[in-house]
Amino acid sequence: MVASLVSLMSIVAFAGPASASGESVGSCVAEKFEESLHHHQGESDHVTSEDIHHVAHDEAVQDELEACLEAPSPILPELTEIIWGGAAFLILLVIMVKKGFPAVKGAMDARSEKIRADLDAAEQAKTDAQAVQSDYEAQLADAKTESARIIEEARVTADQLRTDLSVQAEASIAEMREKAAADVEAQKAQAIADLRAEVSGIALGAAERVVQSSLDADAQARLIDAYIDEVTGSNG
Amino acid sequence: MADSPTVGYADALFSVAEAEGNLSAVEDELFGFAQTFQANEELRSTLADASVPVARRLQLIEDLLDGKASATTASLISMVVSAGRANDLPSIVDAFVDRSAGSRNKAVATVRSAIDLTSEQRQRLTEAIKTSTGKDVEVKVVIDPSVLGGAITEIGDDIIDGSVRRRLNQLRESFR
């Protein structure tokens, strides 16, 4: 910053003398014309229109004036400009070499270092991201493997359970059939027994009523006599 | 087997009846009353009901036996009821009958029949039992219509069943 400000001031300071010492086309023409006019008037103190007319139509003067009209070199500046410009350039070059370049170089180095650090950080981040991605991919692979294992295990368990349930169901059905058959047999036997008991009850009831109605006093007496004979005949 | 109080009461009844000199009549009357007592639920519950005044229960006994039994029998029954032993009356009478028969060196043969036995039948049955078991017995007849016909004789633990009921039961068993 300081070097840039000094170089600008030097250009402004040296530009003034350089432009004042230069000759423009107008000044060249005016100087040649005035010089020719003085030469033409000689000892006279006054310049007349005739003098001017005479000088203006003088071919020699015209040649000199035309020489003034010739264009300056577009490449080579005036010598003073070259001197002042070169000096300013050297001063500016020295200042830049001493101050500017190291500052720019430091800034560039710092920026390069920062860029390098950023690149390193980006590289590290990329590496980390790749590591994380690898972990995720590994975990995903593990999860897929685990899920496949669980699904297979569940399928095996389901098959086993289905088989067990089928076996149990068949056993249960067989047991129920046997029980039903046994129940039927038991009910059948019970029904037969109930029927037999009912029939025997009816028959015995009828027999009892017949016996009671037929047992008159004589029959009772004969039964007692028969009983006494039975006791006698039992003999212990 | 009668328990000790029952035997004690039976011995007391026997002593009184023997002292009064009408043991045989008292024995028959007590045996008959015991059969009635067992067969009649209302009589049994009334005589055994402690909530009924004793005087009323004794009056009931007197009314039932008036003219049908000796005063000794009525007094002995009243004594048992007054002592609160009405429910034990059948077993007391059984023990009394055994005791009485035992005093005559005889056993008691309880004969259950649908009708009463004649004297001739009782005599023949007594002889038949002696022939069959070798025991001298006194026959006590219990009228039991459920026997239907024939008779059932119990001598101690021995039972001789010749009833129509038994034959019907055998027939019932044969149906099963």
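Note that these values count all heavy atoms, side chains included, but never hydrogens, waters or copies made by symmetry. Every chain is numbered from 1 and lettered A, B, ... according to where its sequence line falls, protein lines coming before strand lines.
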> Of the backbone (N, CA, C, O) and the side chain (C-beta and beyond), which part of Ala221(A) lies under 4.5 Å from a heavy atom of chain B, both, or neither?
Replying inline: both
> Around atom CZ of Arg149(A), are there more than 12 heavy atoms of other residues, nucleotides or ligands at under 6.0 Å?
Replying inline: yes
> If you draw a 6.0 Å radius around CD in Glu137(A), do more than 12 non-hydrogen atoms from other residues or ligands fall strictly inside?
Replying inline: yes
> For Asp161(B), is it the side chain, the backbone, both or neither that has a heavy atom under 4.5 Å from a heavy atom of chain A?
Replying inline: backbone
> Which pair of heavy atoms, one from Leu148(B) and one from Glu208(A), lies closest together, and at what distance?
Replying inline: CD1-CG, 4.0 Å
> In residues 177-192 of chain A, which residues are in contact with chain B at a heavy-atom separation under 4.5 Å?
Replying inline: none
> CG/Leu204(A) to OG/Ser174(B) distance, rounded to the nearest 0.5 angstrom?
Replying inline: 7.5 Å
>> More than 12 heavy atoms of other residues, nucleotides or ligands under 6.0 Å from CD of Gln170(B): yes or no?
In response: yes
>> More than 12 heavy atoms of other residues, nucleotides or ligands under 6.0 Å from CD of Gln130(A): yes or no?
In response: yes
>> Looking at every non-hydrogen atom in both residues, tell me the closest pair between Thr232(A) and Thr131(B) and how far apart they are.
In response: O-CG2, 4.4 Å
> Where is the tightest heavy-atom contact between Val231(A) and Ser132(B), given as atom of each residue plus distance?
Replying inline: O-CB, 3.4 Å
> Hey, does Arg124(B) have a side-chain heavy atom less than 4.5 Å from the side chain of Asp229(A)?
Replying inline: yes
> So what's closer than 4.5 Å to chain B heavy atoms on Gln212(A): side chain, backbone, both or neither?
Replying inline: side chain
> Between Tyr227(A) (side chain) and Leu125(B) (backbone), is there a donor-acceptor pair under 3.5 Å?
Replying inline: no
> So what's closer than 4.5 Å to chain A heavy atoms on Arg167(B): side chain, backbone, both or neither?
Replying inline: side chain
> Which bit of Thr153(B) comes within less than 4.5 Å of chain A, counting heavy atoms only: side chain, backbone, both or neither?
Replying inline: both
>> Minimum heavy-atom separation for Gly150(B) and Gln220(A), please, with both atom names.
In response: N-OE1, 4.1 Å
>> If we define contacts as heavy-atom pairs under 4.5 Å, which of Val199(A), Val211(A), Ile224(A) has the most with chain B?
In response: Ile224(A)
